[in-house]
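Notes follow the structure.
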Amino acid sequence: MLRRLYDWTMALSARKAASAWLALIAFVESSVFLVPADVLFLPMALARPQRAWRYALIATVASVLGGIAGWWIGYYAFDAIAKPILEFYGKLDTFEDLRSGISFEMVILFLVTSGLAHLPPIKVVTILAGAAHVNIWLFIGSAIIARGARFYLLAWLLRRYGESIRHFIEHRLGLITAIGAGIVLVGYVAYKFLTH
């Protein structure tokens, strides 16, 4: 099922309305969807590298708006909407573990790591931010920085290196950003441990 969904998303990049599809997928990825917008963004930016910055802007804005929707779901409609979504993806237990011991600083840290490396998945973090009553303006600012950094980095890499970087991005960039996100998390934990 996941492979068919991935292939369908990739096929959207060839359509005339690809920008609209990119916006839609980036929006729903941040609140309810399983496939990251990258799978549509990459082939679109490779096919038209002169539009890579435009696609990065579309993906960033739509992703942040989707994050706001996820925050709203967590804040106002957790039992009615968020709980069934999290159960569907098998993330409810993870979510409840996070929610029970979460601090404001950890939510912001998760926004950054999920925005950059999908750790944890962005939809879980946006809903968590709402459920934890994180200030909406701080949430929006963090989401703009994290999601913008990811899409604009991808746009820069694709414009600079073209098709030769695609294999690296699809197979190794996730690992590298995950390692970077892990270093940020370890640094944060070490800081909290040393200061308390």
Side-chain angles (χ1 to χ4, degrees), residues 1-45 47 51-52 54-92 94-95 98-99 107 110-132 134 136 139-155 169-170 173-174 177 181:
M1 180 183 119
L2 289 178
R3 184 71 218 183
R4 286 198 305 272
L5 189 57
Y6 177 88
D7 291 341
W8 173 78
T9 307
M10 286 287 285
L12 294 175
S13 67
R15 296 188 180 180
K16 284 186 178 181
S19 293
W21 281 107
L22 175 62
L24 179 64
I25 288 174
F27 179 89
V28 294
E29 174 205 359
S30 294
S31 50
V32 296
F33 199 44
L34 190 60
V35 176
D38 304 27
V39 300
L40 188 54
F41 176 82
L42 293 175
M44 286 174 64
R51 294 189 181 181
R54 178 182 168 201
Y55 296 148
L57 178 63
I58 291 168
T60 300
V61 170
S63 183
V64 171
L65 291 173
I68 293 168
W71 181 94
W72 187 91
I73 289 169
Y75 194 94
Y76 293 107
F78 181 77
D79 288 332
I81 299 173
K83 195 171 180 181
I85 291 169
L86 293 165
E87 284 176 338
F88 177 78
Y89 289 121
K91 301 290 184 188
L92 184 60
T94 303
F95 182 89
L98 287 173
R99 186 176 170 187
V107 171
F110 282 155
L111 279 170
V112 173
T113 59
S114 67
L116 293 173
H118 302 295
L119 293 173
I122 189 76
K123 68 194 68 53
V124 173
V125 178
T126 60
I127 293 170
L128 177 63
V134 169
I136 185 65
F139 169 83
I140 291 170
S142 301
I144 289 169
I145 292 167
R147 299 306 279 169
R150 180 176 185 83
F151 290 118
Y152 278 95
L153 173 63
L154 289 174
I169 290 171
E170 288 180 343
L173 187 63
T177 55

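All of these numbers come straight from a predicted model, not from anything done at the bench.
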Short side-chain to backbone donor-acceptor contact, Trp71 and Ile140, under 3.5 Å: no
Donor-acceptor under 3.5 Å (Ser30 side chain, Val64 main chain): no
Non-hydrogen side-chain atoms of Tyr75 and Val134 separated by less than 4.5 Å: no
Student check: side-chain heavy atoms of Ser19 and Arg54 closer than 4.5 Å: yes
Rounded at 0.5 Å granularity, tell me how far [atom1] in [X] sits from [atom2] in [Y].
X      : Y     : atom1 : atom2 : value
Glu29  : Leu22 : CD    : CG    : 10.0 Å
Thr126 : Trp72 : OG1   : CH2   : 13.0 Å
Phe41  : Ile58 : CZ    : CD1   : 9.5 Å
Tyr55  : Thr60 : OH    : OG1   : 14.5 Å

Leu57 and Tyr152: CA distance, side-chain angles, deciding distance, side chain to side chain contact (heavy atoms under 4.5 Å, CB included) verdict: CA-CA 8 Å; Leu57 178 63; Tyr152 278 95; 3.3 Å; yes
